[in-house]
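Working notes, structure below.
Just so it is clear: chains get the letters A, B, ... in the order the sequence lines come, proteins before strands, and each one is counted from 1.
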Number of protein chains: 2
Amino acid sequence: MGTKQLGGSVDQADVTRADSLAREIFSDIANKWALLIIEAIGDNTLRFSELRDEVDGISHKMLTQNLRMLERNGLIERTVHPTVPPRVEYTLTEPGRALRVTIDGMCDWTHRYIGHIEQARDSFQARKQ
Amino acid sequence: MGTKQLGGSVDQADVTRADSLAREIFSDIANKWALLIIEAIGDNTLRFSELRDEVDGISHKMLTQNLRMLERNGLIERTVHPTVPPRVEYTLTEPGRALRVTIDGMCDWTHRYIGHIEQARDSFQARKQ
DNA sequence: CCGTATCCTCCTCGATACTG
DNA sequence: CAGTATCGAGGAGGATACGG
């Protein structure tokens, strides 16, 4: 992450602080559940239970945990409808939608290279007998 | 991931198999160490020890483990120079370089929204007292 | 329905030491 | 220098139960 310094008038302490913050954010975001949740929300407004169905294999706990994290970082917005039973909906914020674009890129990449990868795995397997 | 089906002549079994493979690949790739390693290599040819220095905070074990995984999936190429002491170099393959582009996108995103995120964290903190 | 808390398991990850 | 193996601690993550 320590790429692209912004030389000039910026205090060195601020730079390193920003860098460590950037690493922290990157570590938060760069995990499969977070990325899959963002993909799942996309342009939609989804309820907790809908997300649970949409993101397959995710547990109740992982979902809440990642939703909190994403809310904390301002990537999603959480709106509670004070009805009974409660209705909680999640949407992407503008930063969230921006990140989504790059995640879309990763998904496209996966589909584009899935053949390459399968071959690579076979040849790797063969190399190691 | 289960988006974008390719309808038509494709056998359903193949579709689900490809989908589960895609998820598996995504889970492999979408972790911070893998992404940081790919970023670190970039256009360079780096030795093991150089990578260890470049990707800060990574342990010896995590590095080897992720390098194997990336090699297995054909994202990096590993070349051993049979000298003594041994010299092992890593570069990105074409799929690796393609993925790198999207990772660059994530890094850019982080830098662009770091301010938003900091604010979001503060306001989140405040909301929860 | 949604969220939190508790418990318990497993496996990730770091430290260390050893081979080629 | 690069890689593997081993071991132990700690956190991740699942299951369950309960509260609002």
Side-chain angles (χ1 to χ4, degrees), chain A residues 23-38 40-41 44-73 75-92 124-125 127-129, chain B residues 23-24 26-37 40-41 44-73 75-92 124-125 127-129:
Chain A
R23 268 194 297 275
E24 192 191 323
I25 294 167
F26 193 86
S27 299
D28 270 7
I29 302 304
N31 84 69
K32 65 170 181 172
W33 291 132
L35 299 184
L36 288 173
I37 289 171
I38 293 171
I41 300 181
N44 308 307
T45 298
L46 294 184
R47 305 182 57 170
F48 184 88
S49 48
E50 291 172 328
L51 271 168
R52 185 152 170 45
D53 296 339
E54 202 69 23
V55 180
D56 85 0
I58 198 168
S59 70
H60 187 105
K61 188 181 181 180
M62 281 300 96
L63 184 53
T64 35
Q65 199 165 299
N66 278 276
L67 285 172
R68 283 307 151 274
M69 182 274 286
L70 292 172
E71 187 192 0
R72 182 173 103 90
N73 287 313
L75 300 195
I76 63 177
E77 186 176 7
R78 175 175 181 269
T79 59
V80 182
H81 296 84
T83 59
V84 42
R87 179 185 188 84
V88 182
E89 296 182 324
Y90 296 93
T91 58
L92 295 185
F124 184 84
Q125 177 91 16
R127 264 196 321 277
K128 314 291 172 189
Q129 287 85 355
Chain B
R23 268 193 298 273
E24 193 190 323
F26 193 86
S27 299
D28 270 6
I29 302 305
N31 85 68
K32 67 170 179 172
W33 291 131
L35 299 184
L36 289 172
I37 290 170
I41 300 182
N44 308 306
T45 298
L46 293 184
R47 305 181 58 170
F48 184 88
S49 47
E50 291 172 329
L51 271 168
R52 187 154 169 41
D53 296 340
E54 203 68 23
V55 180
D56 86 1
I58 197 168
S59 70
H60 188 104
K61 187 180 179 180
M62 279 302 94
L63 184 54
T64 37
Q65 199 165 299
N66 279 276
L67 285 172
R68 287 301 153 274
M69 181 274 286
L70 293 172
E71 187 193 0
R72 182 172 104 91
N73 288 313
L75 299 195
I76 63 177
E77 186 176 8
R78 175 175 180 269
T79 60
V80 182
H81 296 84
T83 60
V84 43
R87 179 184 188 83
V88 182
E89 296 180 326
Y90 296 92
T91 58
L92 294 183
F124 183 84
Q125 178 90 16
R127 262 192 326 274
K128 314 292 171 188
Q129 289 83 353

Any heavy-atom pair between the side chains of [Y] and [X] that's under 4.5 Å?
X	Y	result
T79(A)	Y90(A)	no
D56(B)	L36(B)	no
F124(A)	E71(B)	yes

Using a 4.0 Å heavy-atom cut-off across all strands, classify [X] as base, sugar-phosphate, or nothing.
X	answer
R68(B)	sugar-phosphate
R87(B)	nothing
R52(A)	nothing

Can you check the [X] [atom1] to [N] [atom2] distance for me, whole Å?
X	N	atom1	atom2	answer
M69(B)	dT4(D)	CE	C1'	18 Å
N31(A)	dA12(D)	CG	P	11 Å
R47(B)	dG3(D)	CZ	P	10 Å
K32(B)	dG11(D)	NZ	P	14 Å
D28(A)	dA12(D)	CG	C1'	15 Å
L67(B)	dT4(D)	CG	P	10 Å
L63(B)	dT4(D)	CG	C1'	14 Å
F48(A)	dG20(D)	CZ	P	18 Å

_S59(B): side chain to side chain contact (heavy atoms under 4.5 Å, CB included) partners, not counting sequence neighbours_ =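 In terms of side chain to side chain contact (heavy atoms under 4.5 Å, CB included), with neighbours along the sequence ignored, S59(B) is linked to K61(B), M62(B).
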
*Inspect the contact between E89(B) and R87(B) and indicate whether a charged nitrogen and a carboxylate oxygen are less than 4.0 angstrom apart.*
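Between E89(B) and R87(B) there is a salt bridge, with a charged N closer than 4.0 Å to a carboxylate O.
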
*Could you point out which residue of T91(A), L46(A), L67(A) forms a side chain to side chain contact (heavy atoms under 4.5 Å, CB included) with I76(A)?*
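Testing I76(A) for a side chain to side chain contact (heavy atoms under 4.5 Å, CB included) against T91(A), L46(A), L67(A) leaves exactly one candidate, L67(A).
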
*At under 4.0 Å between heavy atoms, which parts of nucleotides 8-20 of chain C does protein reach? Answer with one letter per nucleotide, 5' to 3': B base, S sugar-phosphate only, - none.*
-----BB-----B

*Is the distance from OP1 or OP2 of dG3(C) to the nearest side-chain N or O of R78(A) less than 4.0 Å?*
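Checking R78(A) against dG3(C): at least one side-chain N or O falls below 4.0 Å of OP1 or OP2.
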
*Are any of Y90(A)'s side-chain N or O atoms less than 4.0 Å away from OP1 or OP2 of dC2(C)?*
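Answer no for this pair, as no side-chain N or O of Y90(A) is under 4.0 Å from OP1 or OP2.
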
_Nearest to side-chain heavy atoms of T64(B), which nucleotide of dG3(C), dT4(D), dC1(D)_ =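 The listed nucleotide nearest to T64(B)'s side chain is dT4(D).
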
*Are N31(A) and N31(B) linked by a side-chain donor-acceptor pair shorter than 3.5 Å?*
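The answer is no; no qualifying pair exists.
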
